[in-house]
Amino acid sequence: MAIVAAICGVTLIVVVLWEGFETIVLPRRVTRRFRMTRFFYRRTWLPWVTMVNACVPPRRRETWLSFFGPLSLILLLSIWAFGLIVGFALLHWGLGSAIVTHDGSSGFLVDLYLSGTTFFTLGLGDAVPRSTAARFLVVLESGMGFGFLALVIGYLPALNQSFASREVSISLLDARAGSPPTASEMLRRHGHERGMDALRQLLHEWENWSSEFLEGHLSYPVLAYFRSQHENQSWLGALTAILDTCALLMAGVDGACERQAELTFAMARHAVVDLSLVFRTKPQEPAPPRLPPEKLEDLRALLAERGLKLHERDTVDRKLTELRWMYEPYVHALAAYFRVKVPPWIAAENQPDNWEVSVWERRTVNRKVADKAKGEHF
């Protein structure tokens, strides 16, 4: 039993250290089929969603879903720490519990106590090792405790910085594409003189944003569970609006910045597809379709009002359908997994932007619209 305990202790320590290395230190996606961290998130996210849907009122569900990302990270770090403590306790027990206490007690619980006080470097002195091997384990575990603390201190600011960088660009879409952002609003608000130049610059910025988003979320997938400040905003909704806009420009808008739309579409689709692979969300056909023929006609009329004309109907419809099938199934699957809303192609009438709505004063919009938007703002 002592040998088995020692082997189990070594195995547990190695597994936890390797998981920590892949999650925090390794700057690339891990392609191994089974990972303890992935297993942890998939086995905690769905129960959390079920609990929220069953116990939380609809208006508060988005807030409770936003708790999962930070709480799960704290729980994961705690599991890693507990795993290392148990692993070293098993090693002490396998070596014969060479520990001296004031009251003369011994056994696995004493080994676990020594391991815990050593890992957190408490140094109480009421349980001390009495053999060379036990002293070596104490020194080794103490060093791991310091290293674990250093990784956590370095890991959390990196996550916060990546999250903040992601959210800045999403918030900037508010005045440029509406709340939630839609392709119709993005094109309508850039239908003025030199609007295409401004749209080209915006799409260029989102090409860079998509590449940074992809790199950050492949290195730290937990960021995908961190939700935006406003209920009608999300990283997936912003990406979808950008993809919709690029697809429409590529399908055929007179005088459009087609080349930049192609580049941004490629990078944004790359991000969506790779995130779908990371979270193993199988592409799903949107039901009902996001852009039925009658909606496309409404979109065509809306753009014509701003001086933007689409090419021939058959050509546009065929190409737009092909482009939509390149990303919409992935977006729909990710939205179902993360429980976020996919923005429509056409914005709702009288839908105010987030910057127009305030709980304290409602002079910028009428009361009916403000009451409608209140639940979506915070």
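Numbers here are sequence positions counted from 1.
- With values rounded to the nearest 0.5 angstrom, Ser228 atom OG is found 3.5 Å from Glu167 atom CD.
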Between Glu285 and Trp325, is the side-chain contact (heavy atoms from CB on, under 4.5 Å) condition met? List the steps. CA-CA 9 Å; Glu285 180 180 354; Trp325 275 105; 3.5 Å; yes
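- Without hydrogens or angle criteria, Ser184 side chain to Trp345 main chain gives a donor-acceptor distance under 3.5 Å.
- Here Glu322 contributes atom CD and Met250 contributes atom CE; the two are 10.5 Å apart, rounded to the nearest 0.5 Å.
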Could you walk me through whether Asp197 and Arg200 satisfy the salt bridge (Lys or Arg N to Asp or Glu O under 4.0 Å) test, starting with their C-alpha distance in whole Å, then the side-chain angles of each, then the deciding distance to 0.1 Å, before giving a yes or no? CA-CA 5 Å; Asp197 292 335; Arg200 181 183 293 107; 2.9 Å; yes
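- Side-chain atoms of Gln284 never come within 3.5 Å of backbone atoms of Pro329 as a donor-acceptor pair (strictly under, hydrogens ignored).
- Between Arg280 and Arg38 there is a side-chain heavy-atom pair separated by less than 4.5 Å.
- At distances below 3.5 Å, not a single donor-acceptor pair connects side-chain atoms of Ser276 with backbone N or O atoms of Val272.
- Checking side-chain atoms of Thr121 against main-chain N and O of Thr118 turns up no donor-acceptor pair under 3.5 Å.
- The distance from the CZ atom of Arg339 to the CG atom of Leu334 is 12.0 Å, given to the nearest 0.5 Å.
- When all heavy atoms of Ala127 and Leu114 are compared, the closest pair comes out as O-CD1, 3.3 Å.
- Shortest non-hydrogen contact noted between Val56 and Arg61 is O-NE, 3.0 Å.
- Every pair passing salt bridge (Lys or Arg N to Asp or Glu O under 4.0 Å) that includes a residue from residues 169-190 is listed here, sequence neighbours excluded: Glu185-Arg188, Glu185-Arg189, Arg189-Asp353.
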Throw together a table of side-chain donor-acceptor distances under 3.5 angstrom for residues 234-247, partners on residues two or more places apart or in other chains.
{"unit_1": "Ser234", "atom_1": "OG", "unit_2": "Gly237", "atom_2": "N", "d": "2.9"}
{"unit_1": "Trp235", "atom_1": "NE1", "unit_2": "Ala224", "atom_2": "O", "d": "3.2"}
{"unit_1": "Thr240", "atom_1": "OG1", "unit_2": "Leu236", "atom_2": "O", "d": "2.7"}
{"unit_1": "Asp244", "atom_1": "OD1", "unit_2": "Arg290", "atom_2": "NH1", "d": "3.2"}
{"unit_1": "Asp244", "atom_1": "OD1", "unit_2": "Tyr327", "atom_2": "OH", "d": "2.5"}
{"unit_1": "Asp244", "atom_1": "OD2", "unit_2": "Arg290", "atom_2": "NH1", "d": "3.4"}
{"unit_1": "Asp244", "atom_1": "OD2", "unit_2": "Arg290", "atom_2": "NH2", "d": "2.7"}
{"unit_1": "Thr245", "atom_1": "OG1", "unit_2": "Ala241", "atom_2": "O", "d": "2.8"}

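- Distance alone, capped at 3.5 Å, is enough to place a donor-acceptor pair between the Arg166 side chain and the Leu223 backbone.
- The shortest non-hydrogen separation linking His332 to Ala287 is CE1-N, 4.2 Å.
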One pair to check against side-chain contact (heavy atoms from CB on, under 4.5 Å): Tyr337 and Arg42. What are the steps and the verdict? CA-CA 10 Å; Tyr337 177 74; Arg42 295 194 69 87; 4.1 Å; yes
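- Each of Phe120 and Leu109 belongs to its own hydrophobic cluster when Ile, Leu, Val, Met, Phe, Trp and Tyr are linked at side-chain heavy-atom distances under 4.5 angstrom.
- With values rounded to the nearest 0.5 angstrom, Glu212 atom CD is found 11.0 Å from Glu207 atom CD.
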Determine, stepwise, if the pair Tyr41 / Phe279 fulfils ring-ring contact (aromatic ring centres under 6.0 Å, His included). CA-CA 10 Å; Tyr41 274 102; Phe279 293 98; 8.4 Å; no
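- Judged as a ring pair (Phe, Tyr, Trp, His ring centres under 6.0 Å), and not counting sequence neighbours, Tyr330 has no contacts.
- Between the Thr50 side chain and the Leu46 main chain, a donor and an acceptor come within less than 3.5 Å of each other.
- Ring orientation note: the planes of Trp209 and Phe213 are close to parallel, at an angle under 30° on the 30°/60° scale.
- In this structure, Thr264 contributes its side chain and Ala261 its backbone to no donor-acceptor pair below 3.5 Å.
- Residue Phe67 is grouped with residue Leu73 when hydrophobic side chains (ILVMFWY) are merged at heavy-atom distances under 4.5 angstrom, including chains of intermediate members.
- Here the closest non-hydrogen pair linking Asn232 and Pro181 is O-CD, 4.3 Å.
- Formation of a donor-acceptor pair under 3.5 Å by the Thr117 side chain with backbone atoms of Tyr113 is found in this model.
- A chain of hydrophobic side-chain contacts below 4.5 Å, direct or via other Ile, Leu, Val, Met, Phe, Trp or Tyr residues, connects Met51 to Tyr225.
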Please set out all donor-acceptor pairs under 3.5 angstrom arising from side-chain atoms of residues 130-154, sequence neighbours excluded.
{"unit_1": "Ser131", "atom_1": "OG", "unit_2": "Ala134", "atom_2": "N", "d": "3.2"}
{"unit_1": "Glu141", "atom_1": "OE1", "unit_2": "Ser115", "atom_2": "OG", "d": "3.3"}
{"unit_1": "Glu141", "atom_1": "OE2", "unit_2": "Ser115", "atom_2": "OG", "d": "2.6"}

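- Taking the six-membered ring for Trp and the full ring otherwise, the centers of Phe226 and Tyr220 sit at least 6.0 Å from each other.
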Going through the checks in order, is the side-chain contact (heavy atoms from CB on, under 4.5 Å) test met by Glu258 and Leu249? CA-CA 6 Å; Glu258 183 177 351; Leu249 294 174; 5.9 Å; no
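- Annotation: side chain of Leu199 is in contact with side chain of Leu202 (closest heavy-atom distance under 4.5 Å).
- Side-chain N or O atoms of Glu19 include one that pairs as donor or acceptor with a backbone N or O of Thr37 at under 3.5 Å.
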Quick one, Trp48 with Trp45, criterion ring-ring contact (aromatic ring centres under 6.0 Å, His included). Give me CA distance, side-chain angles, the key distance, then yes/no. CA-CA 5 Å; Trp48 180 268; Trp45 169 243; 8.3 Å; no
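- Considering only heavy atoms from C-beta on, Val222 stays 4.5 Å or farther from Leu76 through its side chain.
- Residues Met267 and Trp206 fail the side-chain proximity criterion, which asks for heavy atoms closer than 4.5 Å.
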When you look at Leu320 and Leu291, which way does the side-chain contact (heavy atoms from CB on, under 4.5 Å) test go after all the steps? CA-CA 10 Å; Leu320 186 59; Leu291 189 64; 3.7 Å; yes
Distance-only check: which donor-acceptor pairs under 3.5 Å involve side-chain atoms of residues 78-95, not counting sequence neighbours?
{"unit_1": "Ser78", "atom_1": "OG", "unit_2": "Ile74", "atom_2": "O", "d": "2.9"}

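- Atom CZ of Arg43 and atom CE of Met36 lie 14.0 Å apart (nearest 0.5 Å).
- Evaluation of the side chain to side chain donor-acceptor pair (under 3.5 Å) test over residues 293-305, restricted to residues two or more places apart or in two chains, returns Glu297-Arg313.
- Ser66 OG to Gln229 CD: the interatomic distance, rounded to the nearest 0.5 Å, is 9.0 Å.
- Few gaps surround CD on Glu262; more than 12 heavy atoms of other groups in view lie less than 6.0 Å from it.
- Not a single donor-acceptor pair under 3.5 Å links the side chain of Ser219 to the backbone N or O of Gly216.
- Residues Leu248 and Leu303 meet the side-chain proximity criterion, which asks for heavy atoms closer than 4.5 Å.
- Cluster annotation: Val273 and Leu263 are assigned to distinct hydrophobic clusters (Ile/Leu/Val/Met/Phe/Trp/Tyr, side-chain heavy-atom contacts under 4.5 Å, transitive).
- Ile7 and Val10 fall into different hydrophobic clusters, where Ile, Leu, Val, Met, Phe, Trp and Tyr residues are linked whenever their side-chain heavy atoms come under 4.5 Å apart, directly or through other members.
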